[in-house]
Amino acid sequence: MSSSPAPDALLGPADVRELAAALGVRPTKQRGQNFVIDANTVRRIVRTAEVRPDDVVVEVGPGLGSLTLALLEAAEHVTAVEIDDVLAAALPATVAARMPERAGRFALVHSDAMHVSELPGPAPTALVANLPYNVAVPVLLHMLDTFPTIERTLVMVQSEVADRLAAGPGSKVYGVPSVKANWYAQVKRAGAIGRNVFWPAPNVDSGLVALTRRTEPVATTASKAEVFAVVDAAFAQRRKTLRAALAGWAGSAAAAEAALVAAGVSPQARGEALTVEEFARIAENKRAGAAGPVEHEEPRSQ
């Protein structure tokens with residue numbers, strides 16, 4: 001049985017700056033790099049994520065390792081996915097130096113998270129990450145889609161992105177990210193993070209978003225790709241009625257209206273009013289026309 005990590009194993013402001021200086025690392029806006037420098041914040045993230053001792057956690061964008069070390073304190077295993085060459089090369093040494101008793105529970109994948117299709121070791125049960133603002137939504141959706149064993153997710157993202165992800169139908173910020181995230185999981189805001197816990201301090205506030213994977217997939221005979229095509233079309237012209245917005249997707253406004261009526265959705269409604277289940281029904285009824293609503297078969301998740 002390994003001993004507990006030393007109380008000072010986590011990185012503080014001076015540690016982060018010293019590590020960055022030693023590596024010649026300067027945070028870049030291009031990759032949305034803002035390093036967390038507050039140990040209390042990373043421990044709070046781990047608590048909010050409800051990381052358990054038997055969890056296998058995947059972390060995207062570990063940077064210098066602030067959150068990585070806090071996750072290693074709590075989880076059975078942590079796999080970090082890092083795109084930056086210098087940061088990826090340095091992180092295993094940081095873990096070994098600060099938490100030698102946990103180094104065997106850590107793995108690094110040097111890759112772009114958007115291209116990761118498999119991870120070493122046991123299947124991940126949780127995703128916890130401080131996601132770069134410019135790629136937060138596509139990375140989150142890719143990870144949820146690629147690794148269905150991820151049951152719980154907690155991501156720190158720009159506050160506006162957090163609002164969009166957690167928004168429900170009828171909200172002004174409800175849109176493509178909201179619906180697509182809800183395809184996989186129940187989504188909620190899980191707190192706010194101030195700017196002063198980062199180096200460099202960003203120009204925007206951050207928020208935590210918690211996602212709990214659906215125990216049952218959305219009940220639909222349509223594929224994920226078919227449902228997402230409807231979602232993309234509906235919000236590409238979000239001010240238009242669905243009859244107009246889905247005309248290109250359906251082939252004509254009349255065909256769009258037929259699919260909507262068959263799905264039990266008003267052709268005069270707008271995308272921001274619909275649940276993911278309603279979008280799925282529209283996808284099912286694309287070619288329904290006068291034939292009436294599609295009969296439900298066994299649901300499938302893709």
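In this chain, numbering begins with 1 at the start of the sequence shown. The model shown is predicted, which means the values in this text are computed figures rather than measured ones.
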> Can any side-chain N or O of D15 pair as donor or acceptor with the backbone N or O of G12 at less than 3.5 Å?
Replying inline: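 Such a contact is found between D15 side chain and G12 backbone.
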> Do any N or O atoms from the side chain of H142 and from the backbone of V116 form a donor-acceptor pair under 3.5 angstrom?
Replying inline: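 Indeed, once roles are kept as given, a pair shorter than 3.5 Å links the two residues.
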>> Among L154, V78, V57, exactly one meets side-chain contact (heavy atoms from CB on, under 4.5 Å) together with V51. Which residue is that?
In response: V57
> side-chain hydrogen bond (donor to acceptor under 3.5 Å, both in side chains) with R152: which of T125, D55, T212?
Replying inline: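 Per the side-chain hydrogen bond (donor to acceptor under 3.5 Å, both in side chains) rule, the option paired with R152 is D55, out of T125, D55, T212.
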Just wondering, do [Y] and [X] contact through their side chains at under 4.5 Å, heavy atoms?
{"X": "L87", "Y": "P62", "value": "no"}
{"X": "H110", "Y": "D85", "value": "yes"}
{"X": "L64", "Y": "L23", "value": "yes"}
{"X": "W183", "Y": "F228", "value": "yes"}

Nearest 0.5 Å, what's the [atom1]-[atom2] distance between [X] and [Y]?
{"X": "D112", "Y": "I83", "atom1": "CG", "atom2": "CD1", "answer": "4.0 Å"}
{"X": "N130", "Y": "F198", "atom1": "CG", "atom2": "CZ", "answer": "5.0 Å"}
{"X": "K240", "Y": "F235", "atom1": "NZ", "atom2": "CZ", "answer": "15.5 Å"}
{"X": "T94", "Y": "L11", "atom1": "OG1", "atom2": "CG", "answer": "7.0 Å"}
{"X": "W249", "Y": "L242", "atom1": "CH2", "atom2": "CG", "answer": "10.0 Å"}
{"X": "M143", "Y": "T146", "atom1": "CE", "atom2": "OG1", "answer": "7.0 Å"}

> Can you tell me if CD on E160 sees more than 12 non-hydrogen neighbours from other groups inside 6.0 Å?
Replying inline: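 Not buried by this count: 12 neighbours or fewer within 6.0 Å.
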>> Would you say that more than 12 heavy atoms from the other residues, nucleotides or ligands in this model lie under 6.0 Å from the CD of Q186, or not?
In response: yes
> Are D232 and K180 close enough, and set up right, to give a salt bridge (Lys or Arg N to Asp or Glu O under 4.0 Å), and what steps lead you there?
Replying inline: CA-CA 10 Å; D232 289 336; K180 291 184 177 179; 2.9 Å; yes
Short N-O contact, [X] and [Y], less than 4.0 angstrom:
{"X": "D145", "Y": "K224", "result": "yes"}
{"X": "K172", "Y": "D163", "result": "no"}
{"X": "R213", "Y": "E151", "result": "no"}
{"X": "R102", "Y": "E73", "result": "no"}

Restricting to non-hydrogen atoms, name the atom on [X] and the atom on [Y] that form the minimum distance, rounded to 0.1 Å.
{"X": "L260", "Y": "P267", "answer": "CD1-CA, 3.7 Å"}
{"X": "P124", "Y": "V58", "answer": "CB-CG1, 4.0 Å"}
{"X": "Y133", "Y": "D205", "answer": "OH-O, 4.5 Å"}
{"X": "G271", "Y": "Y174", "answer": "O-CE2, 3.9 Å"}
{"X": "L91", "Y": "A80", "answer": "CD2-CB, 4.1 Å"}
{"X": "A273", "Y": "P169", "answer": "O-CB, 3.7 Å"}

>> Can you confirm whether the side chains of N34 and R195 place a donor and an acceptor under 3.5 Å from each other?
In response: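 On atom types as modelled, these side chains do not qualify, holding no pair under 3.5 Å.
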> Does V173 belong to the same Ile/Leu/Val/Met/Phe/Trp/Tyr cluster as L140, with side-chain heavy atoms less than 4.5 Å apart forming each link?
Replying inline: no
>> Is there a path of hydrophobic side-chain contacts, each under 4.5 Å between heavy atoms of I/L/V/M/F/W/Y residues, joining V56 to V155?
In response: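 Different clusters.
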